[in-house]
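The structure under discussion appears below in the form of structure tokens.
Chain A is the first sequence line, chain B the second, and so forth, proteins listed ahead of strands; every chain is numbered from 1. Hydrogens, waters and symmetry mates are skipped; everything else that's a heavy atom, side chains included, is used.
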Amino acid sequence: MSQYKPLEIEEKWQERWEKEKPFAAKDNDNRPKMFLAEMFPYPSGAGLHVGHVRNFSIVDCLARFYTQQGMNVLRPFGYDTFGLPAENYAIKTGISPQEVTKTNIDNFRKQAKRLGYAIDWDREINTSDPEYYKWTQWCFLQLFKKGLAYQAESYQWWCPVDQTVLANEQVENGHCWRCGTEVEKKKMKQWFFKITAYADELLEEIDSLDWPEKIKTMQKNWIGRSEGAELDFAVDGSDEKVRVFTTRPDTLFGATFLVLAPEHPLIEKLTTEKVAKKMQKYCSDAIKKSEIERQENKEKTGVFTGSYAINPLNGKKIPIWVADYVLSGYGTGAIMAVPAHDERDYEFAQKFDLEIIKVIEKPDDVADDDACYHGEGELVNSGDFNGMQSAEAREKIVKWLKKEQIGERKVTYRMRDWLISRQRYWGCPIPIAYDKNGEAHAIPEDQLPVLLPKIDDYKPDSSGRSALAKCDEFLKVTIDGEEMTRETDTLDGYACSSWYLWRYTDPHNAKEAWNKEKVNYWAPTDVYCGGDHAVAHLLYVRFWCKFFADEGYLDFREPIKKLLYNGYINAPDGKKMSKSKGNVIDPLDVISSGYGADTLRTYELFIGPYDQDAAWSTEAIGGVYRFLNRCYTLTFDKEYIKEDTNLIIRNKTIKKVTEDMYRNYFNTAVAAMMEFVNELYKNGASAEDLKTLARLLKPFAPHLACEMLEKLDADDEWPKWDEAALVADEVEMVVQVNGKLRARIMIAADDAEDQAKMEELALADSRVKTYTDGKTIVKKIVIPKNRLVNIVVK
RNA sequence: GCCCGAGUGGCGGAAUUGGUAUACGCGGCGGACUUAAAAUCCGCUUCCCUUACCGGAUUAUGAGUUCGAGUCUCAUCUCGGGCACCA
């Protein structure tokens, strides 16, 4: 009697892997390469959760599969350690972020090892390690040198609790992504990366990516490319001009007023004395108002400046208004309002009783009952352009504007530049210093890294500067003999994770961020797996990849070939797991309760399609344990049969599991192995059956599979199936009458190749005859591939 | 409001190009082993009618294309996700 004891088996193999390092990737190798990675975790104090386990297990399953297929696999691991949680914890407890991070990493590493992942541990990276962030700073300087890292003063998202600015991507529904506080707008001088310089390429190349449609659509929407025109409206009785952006130059004749955003710089000049006070109050209120308030109250508000502009096409005088429904950060911060064909302008015109002129005739075949038709059609009330279709009119009008030098074709993006400075301590210092005149200078590369000093008081304040501002030794720096003051902002953590995939290919390089030869051998990453950061991180890595390709450091322009976006694992009640709800399943508890890591890993891959959310089931995991137990029993506690009687199911299983691995259907791969095992229980298993089983099982339950392979004295080479062995002597033929299944007949395999024979056998069957007797056969359809006959009778 | 995605047993889900719907697992029921329980093993388990056989219905709803539809088309409903005054 031998019993499956997962905890003992797993300890044995993990010790062996620790000693023998079988997962080390080789930089120079003739085998085809395969670079896989999960989105590296933020090592929280709570340790691994079941979501990590699902994410890491998918990558591990593929890494082991490709290794068994004879590929040279790189499967590294690392930690994304800068960020607010560690710093906030430090403020609360007095334990330094450095210390907390070290403790958490040690715990994460221990737990990941307990799960038996095939990680090349010699390539471990940590973004808050000076050896790493030295090169993050180097990356920053390359962008700075090319003008793609710049400073600008404007209104920014500010989190009043975290006391720092945030990137657009970090504001979710008007709230801080970290602490959930409603964000404010604050006018500040900040650092930006010019991601918009790559907007077109980032958009165009999305279609070529092997990524989920969902993510691709989100990125497209985020970039938000709009084609249109920019044009000037002269201000009546003044030299000033108001420049507007529009996607519909064909509606220019219908522009009956202009609207400026409350932040617009011309407001003061255009506002007449009579309304100056009112205007000032309106604008300052609007700017102060949080974005949430602006969104919630969609009732249109606005103030007339008292000035008029001239519609360049028809010379008409139109009023200039200020309203907060126009956004300062998009286009030119001013619009031409066409109330007849834009819902928002229509609402505004209705409320303030402004002129509405129809200039587009709705085609008869378009069903649209809206008060204002916003589609395309034939132009009316548009002078020389009457009778043209929108598309033609657009072109002609823009051409005219260009000729008159008052406008031109223009492409605008919703995406803004990436705000990267943070007024917090626990981040990568920005390698910049200021001279006496406040001019920014790069810290020379030979002075990198700019070390983050150890301090006692991490607390941010409302000064708009990080805690580093209080550290005198840090502030002083000499560059080329000149005394300067260091930048005290730190980098957004997303900057640290925008290049880590390339560092994996050369993690210990002290002379450069990565070696060109190595990075171009391994990267781009073949498979990247994660369940978060659809627009932020996944857009930023693409941006940096294009930039470093332009600079000659990379030979590829897209960093990630295939993206697997895995779903969440929810609590048994279907709700999100959270400490406060007390419904958290701790994966380490599941392991130590006796199930072991193999059961946990296999269960999380079996739970459902990897890209769908799934609810944890405390009962269902027992089913996976029983399956592994049966694998063990077959190998260690049952007599092997001598005859090779399971040829068909064995080959079928190899084929199914192999094909499922290639299409990432992990759940059905496990189901196929379960079927195989059930069959072996019925028929008895040969040594060959069990070798096959262990080899197929290894990516899922590596410890048990190794134990089985050791007992069977077998290697782990991925098995191949024999197509010829899949066919039995006798096969089942299905007969339908009028599309309804009426009989299943066993026929010789040879007969199933012969349409006439199939038809003859089908018609001869007594059950079929019951349905065909006395009726006329209209049609007979024979599909040998499906072993199916359909007889149509009347 | 707009843009995606999805609706299959009591539950998680399977069905790869239009061809046997409900694989696999959970739960449930029955049995074997056991003094007993657990563990393990075997069998049944979409619904309706039926002791059983036979039969009928069924992939959110309604229509359509087809010899044949979970799969394709159209409409409707429901749920999930994303964006949300972007001119």
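In summary, A:E679 and A:R650 do not engage in a salt bridge, as defined by a charged side-chain N under 4.0 Å from a carboxylate O. Classification of A:E604 and A:R54 as a salt-bridged pair fails, no side-chain N sitting under 4.0 Å from a carboxylate O.
Legend: residues meeting side chain to side chain donor-acceptor pair (under 3.5 Å) with A:Y625, ordered by chain and number and at least two apart, are absent. Residues passing the side chain to side chain donor-acceptor pair (under 3.5 Å) test with A:K652, sequence neighbours excluded: none. Qualifying side-chain contact (heavy atoms from CB on, under 4.5 Å) partners for A:T618, counting only residues two or more places apart in sequence or in other chains: A:P572, A:W616. Among residues two or more places apart in sequence or in another chain, the side chain to side chain donor-acceptor pair (under 3.5 Å) test is passed with A:S382 by none. Under the rule for a side-chain contact (heavy atoms from CB on, under 4.5 Å), the partners of A:K775 that lie at least two apart in sequence or sit in another chain are A:V793. The side chain to side chain donor-acceptor pair (under 3.5 Å) test applied to A:W222 returns A:E169, not counting sequence neighbours.
Separation of the A:W211 and A:Y565 ring centroids does not fall under the 6.0 Å cut-off.
Using P as the reference atom, B:G10 and B:U46 are 10 Å apart when rounded to the nearest Å. Only the P atoms considered, B:U45 is 28 Å distant from B:U34, to the nearest whole Å. Rounded to a whole angstrom, the distance from the P atom of B:G70 to that of B:C85 is 43 Å. One C1' atom belongs to B:G13, the other to B:U22, and the distance between them is 10 Å to the nearest Å. Rounded to the nearest Å, the gap between the C1' atom of B:U61 and that of B:C49 is 26 Å. Straight-line distance between the P atoms of B:U8 and B:A60: roughly 6 Å, to the nearest whole Å. Taking the P atom of each, B:G19 and B:C26 are spaced 29 Å apart, rounded to whole Å. Rounded to whole Å, the C1' atom of B:A14 lies 29 Å from the corresponding atom of B:G82.
Looking at heavy-atom distances under 4.0 Å, A:F606 makes contact with a base. Within the 4.0 angstrom heavy-atom criterion, only backbone atoms of the sugar-phosphate kind lie near A:A620; the bases stay farther away. Note on A:Q736: a base of the nucleic acid sits closer than 4.0 angstrom, heavy atoms only. Among the protein residues, A:T633 comes within range of no part of the nucleic acid, since none of its heavy atoms lies under 4.0 Å from any strand. Within 4.0 Å (heavy atoms only), A:E732 reaches at least one base atom of the nucleic acid.
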Output one line per pair: protein atom, nucleotide atom from nucleotides 55-60 of chain B, and distance, for all N/O pairs under 3.5 Å.
{"from": "B:G55", "atom 1": "OP1", "to": "A:Y771", "atom 2": "OH", "distance (Å)": "3.0"}
{"from": "B:G56", "atom 1": "OP1", "to": "A:R742", "atom 2": "NH2", "distance (Å)": "3.3"}
{"from": "B:G56", "atom 1": "OP2", "to": "A:R742", "atom 2": "NH1", "distance (Å)": "3.3"}
{"from": "B:A57", "atom 1": "OP2", "to": "A:K740", "atom 2": "NZ", "distance (Å)": "3.3"}

If you restrict it to nitrogen or oxygen atoms, what contacts under 3.5 Å exist between nucleotides 40-43 of chain B and the protein, and what is each distance?
{"from": "B:C41", "atom 1": "OP1", "to": "A:R630", "atom 2": "NH1", "distance (Å)": "2.6"}

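At least one donor-acceptor pair under 3.5 Å links the side chain of A:Y373 to the backbone N or O of A:E376.
Between A:E619 atom CD and B:G10 atom C1' there is a gap of 13 Å when expressed in whole angstrom units. Atom CD in A:E659 sits about 12 Å away from atom P in B:A15, given to the nearest Å. Atom pair A:I607:CD1 and B:G13:P shows a separation of 9 Å (rounding to whole Å applied). When rounded to the nearest whole Å, the span between CZ of A:R767 and P of B:C53 equals 15 Å. Note: CG (A:L605) to C1' (B:G25) measures 14 Å, nearest angstrom. Straight-line distance from the NZ atom of A:K300 to the P atom of B:C85: 9 Å, rounded to whole Å. The CG atom of A:D613 sits 19 Å away from the P atom of B:C11 (whole-angstrom rounding). Put simply, NZ on A:K214 is 10 Å from C1' on B:C4, counting in whole angstrom units.
Nucleotide B:G56 carries an anti base; the chi torsion (O4'-C1'-N9-C4 or O4'-C1'-N1-C2) is more than 90° from 0.
The side chain of A:T217 sits closest to B:C3 out of B:C3, B:A87, B:A84. The listed nucleotides are B:C85, B:A87, B:G19; the one nearest the side chain of A:D342 is B:A87.
The salt bridge (charged side-chain N to carboxylate O under 4.0 Å, His left out) analysis of residues 655-678 of chain A, with sequence neighbours excluded, yields the pairs A:K655-A:E723, A:K656-A:D660, A:D660-A:R663. Residue pairs meeting the salt bridge (charged side-chain N to carboxylate O under 4.0 Å, His left out) criterion with at least one member in residues 246-259 of chain A, sequence neighbours excluded: A:R248-A:D250, A:D250-A:R394.
Proximity of A:N667 to the phosphate of B:A14: a side-chain N or O atom is located under 4.0 Å from OP1 or OP2. Side-chain nitrogen and oxygen atoms of A:S617 include none within less than 4.0 Å of the OP1 or OP2 phosphate oxygen of B:C11. Contact annotation: A:Q612 does not reach the phosphate of B:A6 (side-chain N/O to OP1 or OP2, under 4.0 Å). Distances shown here put every side-chain N or O of A:Y665 at or beyond 4.0 Å from the OP1 or OP2 atom of B:U16.
Within 6.0 Å of NZ on A:K220 lie more than 12 heavy atoms contributed by other residues, nucleotides or ligands. By the 6.0 Å contact criterion, NZ on A:K241 is open, its count of non-hydrogen atoms from other residues, nucleotides or ligands being 12 or less.
RNA chain B is contacted by both A:M218 and A:D345; A:M218 maps to the nucleotide lying nearer its 5′ end (nearest heavy atom per residue). The 5' end of RNA chain B is approached more closely, in terms of each residue's nearest nucleotide, by A:L741 than by the other of A:I781 and A:L741.
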(message) Give the dot-bracket line for RNA chain B from 5' end to 3' end: parentheses for intra-strand Watson-Crick or G-U pairs under 3.5 Å, square brackets for crossings, | for inter-strand pairing, dots for unpaired.
(response) (((((((..(((......[....)))((((((.......))))))(((......)))..(((((..]....))))))))))))....
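By the 30° and 60° cut-offs, the orientation of the rings of A:Y632 relative to A:F636 is parallel.
Residues A:N55 and A:Y610 form no side-chain contact, since every pair of their non-hydrogen atoms from C-beta on lies 4.5 Å or further apart.
Taking the centre and axis of the six-membered ring of A:Y568, the NZ or CZ atom of A:K576 falls inside the cone set by 45° and 6.0 Å.
Contacts between residues 785-794 of chain A and RNA chain B, defined by a heavy-atom separation below 4.0 Å, involve A:N786, A:L788, A:N790, A:V792, listed by number.
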